[in-house]
Amino acid sequence: GDTTTPAASGGAAACGNYKIGMFGALTGPNANLGIYIQNGVNLALDDYNKKHPDCKVTLENYDSQGDPTQAPALAKKAIDDKKVVGIVGPAFSGESKAADPAFNEAGLVTITPSATNPKLADNGWKTFFRALGNDATQGPAAAKYIKDTLKATKTFVIDDASEYGKGLADIVRQDLGSQVVGNDTIQQKQTDFSASVTKVTSSGADSLFFGGYSPEAAPLIKQLRDAGWKGTFVVADGVKDQSFIDNAKDAAEGTIITCPCVPADVAPAFQTAYKAKYNEDPNTYSGEGYDSATILLDGIAAGKDRSSMVDFVKSYDKKGVTKQLKFDAKGESADIKVFAYKVENGKIVSVGEIK
Amino acid sequence: MQNLIDNFFSYTITGLTIGAVYALVALGYTLVYGVLRLINFAHSEVFMYGTFASLWVVMILGGHPGAGVGQVIFWVAMMFVAAMAMSGFIAVLLERVAYRPLRKRNAPPLIALISAIGASFVLAEIMGLRSRIAGWVGLDDNLREYVRNSRNNAGLPTIIQPQPVFTVGGYHVTNVDIFVIVGAIAIMVILDQFVKRSRLGRGIRAVAMDPESAALMGVNRDRVIQVTFLVGGVMAGAAAVFYMLKIGITRYDAGFILGVKAFTAAVLGGIGNLRGALLGGFVLGLAENYGSAVVGSQWKDVVAFVLLVLILLFRPTGLLGESLGKARA
Amino acid sequence: MSTTTSAPAGRKSSSTGFRERVNNLPKAVKIVLWVLFALFLFLLPVLNIPFITTEGSDFGGVLFTVATYVLVALGLNIVVGYAGLLDLGYVGFYAVGAYTVGVLTSEHAHLSWVVVVPIAIVVAMISGVILGAPTLRVRGDYLAIVTLGFGEIVRLTLVNSEWLGGAQGISDIPKPPGVELFKVPSLDWSSGAPVVDLDTTSTFLKFGINDFVPYYWLALGIIGLVLLFDILVKSSRVGRAWEATREDEDAAELMGVPTFRFKLLAFALGAAIGGLSGALFATKAGFISPDSFILLLSILFLAAVVVGGAGNRWGVIVGAIVVGYFPERFREFADFRVLVFGLALMLLAIFRPQGLLPPRRTVRAKRADERQAVLEEGEASA
Amino acid sequence: MPDPTRPATGDDDTTTPATPATPATPATQDSATGSHGSTDPEHPGERTLADPAEEVTEINPDVDIAPEDIGVPVVSEGERLLEVDEVTLRFGGVVALNEVSFHINKGEILGLIGPNGAGKTTCFNVMTGVYQPTSGAVRYLGKPLGKRKKFQITKLGIARTFQNIRLFANMTALENVLVGVDAHHSTGVVSAMFRLPKHRREESQGYARAMELLTFMGLDGKADELARNLPYGDQRRLEIARALATSPQLLCLDEPAAGFNPAEKAKLMELIRTIRDQGYTVLLIEHDMKLVMGVTDRIVVLEFGRKIAEGSPAEIRDNPAVIAAYLGVDEEDAS
Amino acid sequence: MLLEVNGLCVNYGRIEAIRDISFTVDEGEIVTLIGANGAGKTTTMKTVSGLRPVRAGSVVFNGKDITHLPAHERPILGISQSPEGRGCFVGMTVMENLDMGTYARPDRKSKAVKADLERVFELFPRLKERSNQAAGSMSGGEQQMLAMGRALMAKPKLLLLDEPSMGLAPKLIQQIFDIVTEINSQGTTVLLVEQNAAQALKRSHRAYILETGEIVREGTGKDLADDPAVKAAYLGGDV
Ligand SMILES: Nc1ncnc2c1ncn2[C@@H]1O[C@H](COP(=O)(O)OP(=O)(O)OP(=O)(O)O)[C@@H](O)[C@H]1O
Ligand SMILES: Nc1ncnc2c1ncn2[C@@H]1O[C@H](COP(=O)(O)OP(=O)(O)OP(=O)(O)O)[C@@H](O)[C@H]1O
Ligand SMILES: CC(C)C[C@H](N)C(=O)O
Ligand SMILES: [Mg+2]
Ligand SMILES: [Mg+2]
């Protein structure tokens with residue numbers, strides 16, 4: 001956009017040496033999801049710094065490993081760093097719930113490119129913004145896909161008891177109604193799913209929805225396939241991660257993944273730039289990460305600091321690479337789309353928007 | 001409950017397979033507890049290294065689904081060799097580094113537990129940081145595959161395609177199920193005989209009960225302890241192979257929970273008692289599965305621990321009783 | 001620990017010579033030293049002393065964490081150090097304390113913090129009795145696994161119970177009521193020499209979300225009280241009964257010690273202190289979930305007690321500082337910090353097998369052992 | 001000797017450390033020689049032997065260690081204190097006690113003898129609540145002990161020592177005795193926490209009594225030594241002190257002279273008499289006939305879990321059944 | 001000379017338990033050490049069997065310097081000890097304990113072992129009766145028999161007996177001394193520690209008297225037994 005502003009031309013004196021924060025899992029089992037986002041954010045920074053070579057903005061990483069218990073301390077660290085004017089993240093729903101109260105109290109803006117639990121927006125946090133659709137739309141979309149596209153009639157639903165996984169699975173359960181033939185809950189870090197496998201196979205389900213992340217999804221489907229279960233495995237954005245396929249190997253084939261993230265080809269210019277930098281296609285939430293960072297960078301360019309950033313984001317309304325970037329009163333994205341993906345020949349490919 | 005009745009055999013078979021893994025790992029706890037009277041906290045990592053060894057050997061040999069019988073047998077045999085060697089080695093190393101120095105300093109048993117915990121962290125973290133560590137060594141690109149995403153899961157290709165062999169009560173018992181259960185029992189029978197026939201068993205018990213008198217009988221304590229760790233490690237290696245065949249995925253922290261379970265199994269059966277470990281492993285595996293069926297998978301571990309508490313209340317030294325005696329009042 | 005390098009803190013020093021010298025000082029001087037030491041502890045979070053202050057994470061928060069570890073270690077020391085009961089599930093009581101606060105102030109009721117903390121202590125104590133009454137008959141190492149099971153049962157119950165907030169936990173735990181008495185400015189060392197930074201202040205005692213220092217002060221005060229309690233109880237018949245039970249349960253019983261009752265008492269007191277610590281944790285965090293109460297924490301707590309010197313309260317405090325502070329201090333090792341921490345535990349175990357500050361009797365025995373080792377090795381190598 | 005005004009605590013830091021009771025002598029070779037016997041190192045064979053009495057720690061029979069009033073009904077001298085009534089105890093196939101009956105009168109020293117494995121220690125175990133008899137009963141002051149716990153029985157006034165020493169190895173001698181004294185104290189957490197008067201009174205009285213007992217047993221110089229560092233003989237004596245500390249009516253000694261040489265045994269014999277004279281009743285298991293005959297008023301003989309004889313020492317010495325079962329033919333040698 | 005101890009010094013920390021003691025045991029002898037509590041008898045025994053490290057001096061067995069040989073290698077050479085306090089493996093049965101005695105015997109699989117077992121059972125019928133009872137639940141005296149039996153099962157060249165009569169009934173004490181004499185006559189050399197000094201001296205070829213860690217007198221058993229000073233000090237003279 002046209003972001004040449006007085007602040008930037010004001011030279012080094014007015015330059016705030018601002019930083020933006022990236023809050024999410026950069027290491028640990030879910031690191032891929034964080035890194036996809038971080039890549040997008042970095043790209044936005046590159047763009048900005050190219051335009052403002054005399055007043056660069058730097059990125060500060062807050063690696064939560066996706067662990068809610070580590071989140072509050074990291075939030076505190078970000079808050080104490082007065083140069084940080086906005087946060088992209090927290091990436092996961094669990095850690096958002098743990099960290100956002102502190103951000104709210106400190107008045108530090110957070111734009112999450114990926115945390116999808118609907119309840120996050122209900123806390124009245126002034127600093128909370130979500131640059132994508134939440135699970136209140138993803139859940140029904142998944143249910144719709146199962147019913148209408150897969151034409152499945154018996155669905156088993158499993159969740160991982162996490163803020164995200166359970167929240168999403170419950171919505172799916174509700175939408176599928178009587179079609180749900182069984183439920184189960186597993187634990188994060190669990191590896192032996194034999195009991196769940198027995199339940200699924202004996203229920204006669206032709207499809208299984210799993211609300212959770214890839215470290216559990218991979219062994220779950222592997223053990224299901226080993227036990228001879230032939231139905232369709234449906235998961236959501238938490239499993240849209242290359243490591244799912246790396247680990248489940250052949251068992252991953254045919255898995256349906258829903259995601260409120262746009263496919264790479266929706267924004268060709270972004271796709272090209274991304275590919276040039278990282279030598280691969282943009283992945284889950286890379287575009288959303290780019291957009292979220294861009295909003296904050298636009299704010300910096302407009303001379304906003306930490307305290308004035310909230311209002312800037314609130315009134316933001318521009319076209320980003322993924323969608324029209326605009327937030328409602330609760331901080332939710334105004335423009336919402338959910339897409340379906342499928343695992344084919346060891347790749348996650350888009351099969352179009354779920355409408 | 002209805003679920004359990006309907007799928008009783010299914011839960012039984014899956015319970016037995018995972019129980020077999022618990023039992024083999026439990027042996028390591030029980031053996032070491034037998035000589036040193038301490039919980040070898042790092043035994044779970046000994047097991048975890050075995051899972052990686054068995055995984056890597058399949059990767060090196062290019063294991064893939066749908067191969068011929070001969071090839072599969074070769075792969076599986078190599079998995080055992082690699083895992084047992086790796087786990088045995090780690091166990092012996094552990095004894096050297098984390099326990100022997102303490103023994104030489106007459107450290108109280110609790111501090112040995114701390115040393116073991118430290119060793120457990122170190123071993124797990126080394127595996128979890130293998131990509132970083134490999135980076136320093138300037139790793140050849142060919143090896144990238146082995147260290148990629150070192151904190152995430154690593155999956156084994158399905159080299160044995162599970163095939164139903166026969167059906168009980170509506171459940172198809174697969175070749176993998178049979179292999180795991182029969183294999184584990186066979187290994188344990190061999191171990192039991194080995195310990196009984198060789199002087200090792202007597203040596204272990206003697207050292208545990210009275211190290212001074214044992215020395216007077218000519219028992220070499222250091223050697224007995226070392227062999228004990230080795231045997232425990234080799235058993236964990238075997239368990240690792242069965243685990244990989246059944247579960248198919250491992251991770252740098254995969255040992256932790258399994259270790260807790262296996263130790264529970266050892267206590268359940270009567271710690272220090274080899275057959276107790278076997279029984280404890282199977283009982284725990286079954287209880288978990290039956291429990292999951294009745295009250296839901298999320299309560300699986302709760303069922304296991306409640307069972308443990310109940311059994312200990314009624315049989316304070318485990319199902320088969322411990323084989324370590326106490327002096328009388 | 002680095003704090004012991006400063007003057008009065010040296011009381012913790014393991015050098016008996018130093019300790020004797022301190023003990024021989026006139027009473028007035030001792031009191032002054034103690035007061036200075038207390039003042040130092042009070043100001044520690046705002047002094048921002050280079051090297052000691054953690055770069056990676058907020059120092060006030062780290063100090064608070066260390067303080068909860070110290071509290072937990074004092075409680076666990078009663079169980080493990082005094083009564084000799086190996087408890088691998090201590091985090092269970094910590095969780096009970098935290099969740100009592102969570103449930104009664106946020107999830108299902110909105111009672112005042114001041115009311116809830118005593119309730120949390122009592123609930124934790126009751127849970128200690130409930131766990132102890134049936135299981136304390138189980139001996140030695142079996143108890144370890146039973147308690148471990150208890151810790152896991154508590155955690156899994158939290159995960160799976162909707163009523164307790166499930167895996168998502170409980171948020172919006174209110175802050176304790178504060179009084180704003182005075183502001184304490186902090187020191188800024190960025191220019192090399194300390195400069196008083198009037199902009200960064202902590203208010204005594206205003207409990208907010210983003211200033212952890214007042215929580216540290218609160219915890220410090222509570223530690224003082226618990227310490228006093230510990231000293232008084234240990235030096236009584238109760239302390240001797242624990243010790244006798246630990247040494248030889250049958251013999252103790254035959255000498256008239258109702259060992260079961262005393263073990264249960266140790267369990268209950270330990271649990272109460274653990275619960276208190278958990279309550280503090282919940283208060284400061286404002287958000288608790290089952291992930292905060294994993295088995296690993298029990299093990300770290302135990303490590304604090306053993307590494308410090310089970311049975312010696314000053315030792316376990318040092319141990320708690322090591323276990324609570326080092327992982328934060330090691331943040332610069334980033335990914336390698338758990339590895340470094342593990343190595344540190346192993347090295348501590350090997351080079352301080354009796355703990356950093358072993359109990360008095362072990363010190364004595366150790367000195368004899370060392371001399372013996374020297375004599376024997378001297379000959380063996382000759 | 002430690003300052004008697006010092007509160008008796010086992011704590012590390014609340015009290016100023018007492019000066020060590022036995023100053024540590026440096027471990028140099030020369031400083032340790034020459035304190036015993038003669039010193040000509042060239043001719044060890046020429047040495048005069050040390051006076052054996054010098055080797056034995058002096059006890060102080062004059063110290064008043066009479067049992068404290070613990071609320072047990074007073075029985076007068078000669079009345080029945082404890083009665084073992086038709087007690088049978090089986091361990092699987094082994095009948096350790098077979099309908100054994102005997103009684104102990106207040107103020108006497110009763111010997112319990114018999115071949116190895118006859119059931120003597122088991123008898124102690126039944127009397128102190130370690131085992132429950134399969135049938136029969138143990139009556140104390142006329143009331144059956146029933147299912148009372150071990151510590152309750154101790155509080156009623158039965159105390160014992162162990163055949164294999166079982167001290168609290170890592171506590172000091174003083175602390176060991178204090179644990180025994182504590183048996184009749186009741187301070188709990190609350191009174192300790194607020195240092196209530198009851199607590200202070202019990203602590204100071206307990207400390208005084210413990211020191212008295214140590215002095216009586218000749219161990220006052222070793223009050224601050226760890227039990228495990230004491231020589232064997234001192235450990236045996238400390239066991240007796242600890243048992244006496246519980247203010248028992250009945251003191252049961254299980255082979256207290258095992259491992260002692262004749263001179264030491266003689267001392268012990270004196271000691272046991274003195275203990276009785278201070279108002280205790282003593283039940284003694286011992287294999288050394290000289291000791292048993294010399295000190296006991298009455299003897300009960302067990303064999304294979306059965307009582308085979310009972311009577312005065314002189315009667316027992318001449319009882320043919322006892323000779324056959326226990327003493328053996330060459331009686332002179334055995335003593 | 002089967003055993004030769006030269007200038008031996010052993011410490012427990014700063015306590016010098018034995019100082020510069022020297023003695024010898026000839027093949028086929030019974031040699032007794034007597035002395036008061038804490039004189040250092042047990043320490044001497046433990047040093048010979050390797051349980052205590054030596055500070056100075058040497059131990060030579062059968063011409064071989066074994067001063068620093070680990071304890072567990074000494075049974076192989078033919079040294080066996082029945083320790084003070086018995087040291088039975090409490091959780092093992094009586095039978096298993098006796099089995100442990102043969103642990104280091106080169107001929108442990110031969111028939112000789114069976115014969116030795118019969119012999120031990122003959123000496124101590126109680127052990128045969130209770131061969132499946134846990135050693136820890138045996139009475140004190142029964143455990144003493146077991147310790148002795150276990151040492152015999154090792155068929156040593158040199159048998160170290162530390163207070164074998166402790167806790168035994170008078171009749172059995174008699175028997176123990178008979179056994180010692182008998183196995184000695186069959187060729188086993190015995191080093192004996194006894195508080196029952198009168199008996200021990202009567203049965204032994206030679207004896208040493210230990211006082212506070214030093215040897216203060218030596219002589220034939222008979223000479224010492226007749227020595228009035230020894231009588232007064234250790235034989236319970238006229239007490
Ligand atoms: N727990 C037990 N299980 C089996 N048998 C036992 C048990 N306790 C004791 N016995 C047996 O009961 C008998 C009596 O033992 P006890 O210890 O009372 O003998 P004792 O008279 O004290 O002998 P000693 O003089 O050798 O000490 C012995 O044969 C012993 O083996
Ligand atoms: N483990 C130990 N630690 C410290 N000192 C010890 C230890 N064992 C023995 N001693 C000391 O060493 C000295 C010699 O003890 P030792 O046991 O050899 O004597 P002993 O002649 O066998 O006596 P007893 O007749 O009591 O068996 C004694 O002073 C004793 O206190
Ligand atoms: C990165 C995403 C997969 C995170 C997920 N949508 C959550 O809410 O936790
Ligand atoms: Mg006995
Ligand atoms: Mg001795």
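Note on naming: letters A, B, ... go to the chains in the order of the sequence lines (proteins, then strands), and numbering restarts at 1 for each one.
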Under 4.5 Å from a heavy atom of chain C, the part of [X] involved:
| X | value |
| --- | --- |
| D:A159 | neither |
| D:H185 | both |
| D:S186 | backbone |

What residue in C:V257, C:V233, C:L265 has the most heavy-atom pairs under 4.5 Å with chain D?
->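 Among C:V257, C:V233, C:L265, the one with the most close pairs to chain D is C:V257.
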Option in C:A251, C:A241, C:P258 with maximal non-hydrogen atom pairs under 4.5 Å from chain D =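 Heavy-atom pairs under 4.5 Å are most numerous for C:P258.
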Is the backbone of C:V238 close enough, under 3.5 Å, to the side chain of C:Y82 for a donor and an acceptor to pair up by distance?
->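 Not confirmed, C:Y82 side chain does not pair with C:V238 backbone.
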Kindly indicate whether the side chain of D:Q249, heavy atoms from C-beta on, has any atom under 4.5 Å from the side chain of D:Y140.
->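 They are in side-chain contact.
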Kindly indicate whether the side chain of D:R195, heavy atoms from C-beta on, has any atom under 4.5 Å from the side chain of C:S235.
->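 D:R195 reaches C:S235 side chain to side chain.
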Axial cation check for D:F168 ring with D:R242, 6.0 Å and 45° limits =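 Yes, cation above the ring, under 6.0 Å and within 45°.
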Look at atom NZ of D:K198 and say whether more than 12 heavy atoms of other residues, nucleotides or ligands are closer to it than 6.0 Å.
->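 Yes.
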Between D:I158, D:V189, D:T128, D:V190, which shows the greatest number of heavy-atom pairs under 4.5 Å with chain C?
->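 Of the options given, most contacts go to D:V189.
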